[in-house]
There are 2 protein chains.
Amino acid sequence: MAPALAIANVNATSVTLGGLVQARRNATATPVNPSRWTMRPSDALDEIASIATVERDLPLFREGEHAENVFEVTSGTIRVFKLLPDGRRQIIGFVEAGDFLGLSFNDTYLYTAEAVTTAAVRRFPRRRMETLIDENPIIRRRLLAVTANELLTAQEQMVLLGRKTAKEKLCTFLLSLSRKAARRGLCDTRVSMPMGRADIADYLGLTIETVSRTITCLKTAGLIRLLDGHKIELTDLDTIAEMAEAA
Amino acid sequence: MAPALAIANVNATSVTLGGLVQARRNATATPVNPSRWTMRPSDALDEIASIATVERDLPLFREGEHAENVFEVTSGTIRVFKLLPDGRRQIIGFVEAGDFLGLSFNDTYLYTAEAVTTAAVRRFPRRRMETLIDENPIIRRRLLAVTANELLTAQEQMVLLGRKTAKEKLCTFLLSLSRKAARRGLCDTRVSMPMGRADIADYLGLTIETVSRTITCLKTAGLIRLLDGHKIELTDLDTIAEMAEAA
DNA sequence: CGAAGCCTTGACTACATTCAACAGGCGTGG
DNA sequence: CCACGCCTGTTGAATGTAGTCAAGGCTTCG
């Protein structure tokens, strides 16, 4: 996924606002033509979109803030999480190119979104987004599908968090990385894993130590190999898939 | 919440089909007038609704089945869950009067729905439901709101499952019972808890023993009292609320 | 080269699970 | 009517999985 041009454009004329490096898009001068760089066709959303980048570890928005925008990630990875008062963190999900963020139908954001890697997003004002949803059946169905998919993912994550062992959790996680990669036409056995151990731990409801130990265990069993550059090779995807549902 | 009349009507002319006792509604002869019995005004959904009851412990539908209908619960409680191949169960939620079920936007149901108590539901054919969503902005916004709320609940449940202790889980659960009761105008300190320990355990990601022990602990601490008829008194709601987020 | 951050590993602990026994309620049938 | 079995819930003791605390290795980067 390489909207590199778009990012370059943004950065060239960008203004930093908190964690958000943003550039109001000049619709005529530098029209965004995402279809050249991704599978996604240009759509009615382009009409109301502006683009921006978020630097590593900086927030795109925070839980409780007034929800003014909806976002679509075009490159990079973003972590979405909720915090307990004492600082415990539960990562709800990792959001990547093609995924939407902040579709709360609520006045405030329900979670915090932070960049795992520097990320590029399309930004849509919520007001105009809502109008568009009412008027445009295609956009509507697409967002409905996105939301439904989010619900499905959330429910599967509940099964993972409530009923799976550490090893099953890790294998499920690796499998989902593989599936995501495959869905975007990448190799499903050499996948990128840009998030750190702490992020994985907070996503799977474990500690960094347990994540590390379990990864070592899978490595020793010959199921995976750690590669440079936050990459991981899934040597035995079948066994990983089996272990994802039964220890 | 007493759609007792409606239930009586159904039972009088009902046919059993699996777990589902159903009666095709005769729109002119016995018009459903839910507004007399609940807060909900009659709506466009009435046009395509039929009503049915599900007996205790019987399924309304199963995960993987072709999703032909969408349901709205009008009385009783339904548990929604997913199973792992080896039988481990994660309850996604308890669905009560006013809640919707089976809004999958998918061809098959993503989870199983079983009656905790005998329950009454309104049933809508998915096809006609989809048409209605496209045509009727009011219905659409309502279902969008329902879905968004489901997502919020799911995300909060992830925090619970991934990051809370047994005591915090139980307190959060009790608090949610109280909130639900309050929302429908019932007493928020003497609430009904129709599900058994096994259901609670599978909802909170615990075992029945841990649920039982934790309840005993809360009882000993003077925060709750168990009453007859699956009722529970929340003696100290404030402390319960505190303990829901920090041990 | 040194400092910082991330990851790994080890030893010990603790929370929740497992295994087991038992109590109480309820319906059925003798 | 009581006896019995069944089911649900409670309690106890032992176990185990993952957490906590602590130290050390490795990479990265100034």
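Worth saying up front: this structure is predicted, and the values here are computed from it rather than measured. Lettering follows sequence order; numbering is per chain, from 1.
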Using nucleotides 8-15 of chain D, report all nitrogen or oxygen pairs with the protein that are shorter than 3.5 Å.
{"unit_1": "D:dG9", "atom_1": "OP2", "unit_2": "B:R197", "atom_2": "N", "d": "3.1"}
{"unit_1": "D:dT10", "atom_1": "OP1", "unit_2": "B:R197", "atom_2": "NH2", "d": "3.2"}
{"unit_1": "D:dT10", "atom_1": "OP2", "unit_2": "B:R197", "atom_2": "NE", "d": "2.7"}
{"unit_1": "D:dT10", "atom_1": "OP2", "unit_2": "B:R197", "atom_2": "NH2", "d": "3.4"}
{"unit_1": "D:dT10", "atom_1": "OP2", "unit_2": "B:S212", "atom_2": "OG", "d": "2.8"}
{"unit_1": "D:dT10", "atom_1": "O5'", "unit_2": "B:S212", "atom_2": "OG", "d": "3.1"}
{"unit_1": "D:dT11", "atom_1": "OP2", "unit_2": "B:T216", "atom_2": "OG1", "d": "2.6"}
{"unit_1": "D:dG12", "atom_1": "N7", "unit_2": "B:R213", "atom_2": "NH1", "d": "2.9"}
{"unit_1": "D:dG12", "atom_1": "O6", "unit_2": "B:R213", "atom_2": "NH2", "d": "3.1"}
{"unit_1": "D:dA13", "atom_1": "N6", "unit_2": "B:R213", "atom_2": "NH2", "d": "3.3"}

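- Judged by distance alone, the side chain of B:R163 and the main-chain N or O of A:L206 form a donor-acceptor pair under 3.5 Å.
- A distance-only check finds a donor-acceptor pair linking the side chain of A:T117 to the backbone of A:T77 [under 3.5 Å].
- Between the C1' atom of C:dT18 and the CZ atom of B:R88 lies a distance of 15 Å, rounded to the nearest Å.
- Here the rule is side-chain contact (heavy atoms from CB on, under 4.5 Å) with A:F100, and of A:V95, A:T147, A:V70 only A:V70 fits it.
- Across the protein-nucleic acid pair, A:D202 atom CG and D:dG19 atom P stand 11 Å apart, rounded to whole Å.
- Between A:L161 atom CG and D:dA18 atom P the separation is 13 Å, expressed in whole Å.
- For B:T53 (side chain) and B:A120 (main-chain N/O), no donor-acceptor pair under 3.5 Å exists by modelled atom type.
- Here A:E168 pairs with B:R88 in a salt bridge; the nearest charged N to carboxylate O distance falls below 4.0 Å.
- As rounded to whole Å, 16 Å separates atom P of D:dT17 from atom CG of A:L170.
- Checked for salt-bridge contact, A:D202 and A:K82 miss the test: no charged N lies under 4.0 Å from a carboxylate O.
- One atom, NZ of B:K164, and another, P of D:dG19, lie 18 Å apart when rounded to the nearest Å.
- In summary, of the residues considered (B:V121, B:V116, B:D99), a side-chain contact (heavy atoms from CB on, under 4.5 Å) with B:I78 occurs for B:V121 alone.
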Restricting both atoms to N or O, compile the protein contacts to nucleotides 25-30 of chain D shorter than 3.5 Å, with distance only.
none

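- The nearest whole Å value for the distance from the CG atom in A:L204 to the C1' atom in D:dG19 is 15 Å.
- Checked against A:F61 for a side-chain contact (heavy atoms from CB on, under 4.5 Å), the options A:L101, A:T112, A:V54, A:T108 give a single hit: A:L101.
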